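Heads up: the structure comes next, in structure tokens.
Keep in mind the model is a prediction, meaning the values are calculated, not measured. Basis for what follows: all heavy atoms, side chains included, without hydrogens, waters or symmetry-related copies. As the structure lists them, so they are numbered: ligands from 1, and atoms in each ligand from 1.
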Amino acid sequence: MPNITDNLNQLHQRIQQITKNVNQNPDDITLLAVSKGQSAEAIQSAYELGQRHFGENYLQEALEKQQQLSGLSDICWHFIGPIQSNKTRKVAKSFDWVHTVDRIKVAERLNAVRNDHSTPLNICLQVNINGEESKSGVSTSGVEELAHAVAKLPNLTLRGLMAIPQNNQSEEKQRASFAAVAQLLSELKNSSPQLATLDTLSMGMSADLEAAIAEGATIIRVGTAIFGPRRSPENLGHRNP
Ligand SMILES: *Cc1c(COP(=O)(O)O)cnc(C)c1O
């Protein structure tokens with residue numbers, strides 16, 4: 001049984017150390033606990049230790065756990081999986097953030113169904129920073145047009161960019177990928193007053209935290225380093241699969 005207390009403590013210490021090394025403020029970094037494949041009990045344990053931001057990839061699995069945890073009213077849910085257009089209604093109604101918007105059609109649908117909420121849905125555009133064919137995300141050349149279009153939608157608040165760089169890159173290349181995402185954000189902010197308030201870089205996971213934070217990550221997404229190995233979604237309902 002993974003020890004969530006120890007894992008979270010170690011992670012916070014690691015973040016402290018990294019931010020100190022690279023002269024960043026640890027308060028500027030939000031730890032997003034990626035809880036896909038983890039039980040509602042595990043999420044509750046992390047919550048009791050002060051963790052508030054949780055990331056989920058699969059809608060059905062997330063909805064079930066949200067239901068079980070509906071008493072935790074200040075929990076903040078982030079959708080970080082690929083979005084299918086036919087699932088936008090439930091995503092817009094059940095999450096506070098979506099990190100994976102990469103086309104205007106999805107943004108328009110999220111906007112249309114968020115109309116009865118008192119708060120806008122926070123949006124990051126997923127950028128395919130290394131131009132990988134297998135990966136979702138808007139291309140680096142398409143991001144500006146998409147950002148301007150999304151920023152016009154009243155029930156969404158465009159917050160920034162999200163990226164999952166190619167894995168197995170050298171440390172140097174990894175760092176260059178994160179720097180390229182940060183550079184894109186900076187260009188967007190300078191491109192119009194409407195985008196000047198963008199403040200989020202969702203990048204960095206367990207293996208590449210250092211590089212991501214050094215390049216200005218504001219949300220880091222960490223799963224197994226907090227919760228241990230994931231269970232497959234079909235086993236989640238059972239305590240002893
Ligand atoms: C699963 C996932 C993570 C976390 O991965 P771990 O290896 O469990 O730390 C981060 N970001 C995204 C987009 C994910 O899908």
Considering the heavy atoms of M205, write down every atom of ligand 1 situated less than 4.0 Å from one of them. 3 (C), 10 (C), 11 (N)

Write out the residue and atom name of the closest protein heavy atom to atom 9 (O) of ligand 1, then the distance separating them to 0.1 Å. G223 N, 2.9 Å

Numbered atoms and elements of ligand 1 in range of I164, under 4.0 angstrom, heavy atoms: 13 (C)

Hey, is S206 one of the residues with a heavy atom under 4.0 angstrom from ligand 1? yes

Among all the protein's non-hydrogen atoms, which is closest to atom 8 (O) of ligand 1, and how far away is it? R230 NH1, 2.6 Å

Parallel, tilted or perpendicular: rings of F54 and W77 (30°, 60°): tilted

Check this for me: E145, atom CD, are more than 12 non-hydrogen atoms of other residues, nucleotides or ligands nearer than 6.0 Å? no

In terms of atom number and element, which parts of ligand 1 are under 4.0 angstrom from non-hydrogen atoms of V34? 1 (C), 2 (C), 3 (C), 4 (C), 10 (C)

Examine the side chains of Q183 and E187 and answer whether a donor and an acceptor come within less than 3.5 Å of each other. yes

Salt-bridge present (R175, E171; N to O < 4.0 Å): no

Judged by modelled atom types alone, do Q17 and N21 share a side-chain donor-acceptor pair under 3.5 Å? yes

Indicate, as side chain, backbone, both or neither, the part of N57 found under 4.0 angstrom from ligand 1 when only non-hydrogen atoms are considered. side chain

Just checking, is any N or O donor in the side chain of S202 or H99 under 3.5 Å from an acceptor N or O on the other one? yes

Show which atoms of ligand 1 fall inside a sub-4.0 Å distance from at least one heavy-atom site of T224. 6 (P), 7 (O), 8 (O), 9 (O)

Is any side-chain heavy atom of N25 less than 4.5 Å from a side-chain heavy atom of T19? no

Find all atoms of ligand 1 within a distance of less than 4.0 Å from any non-hydrogen atom belonging to R221, and give their numbers and elements. 10 (C), 11 (N), 12 (C), 13 (C)

Just let me know how K36 lines up against ligand 1, side chain, backbone, both or neither, with a heavy-atom cut-off below 4.0 Å. side chain

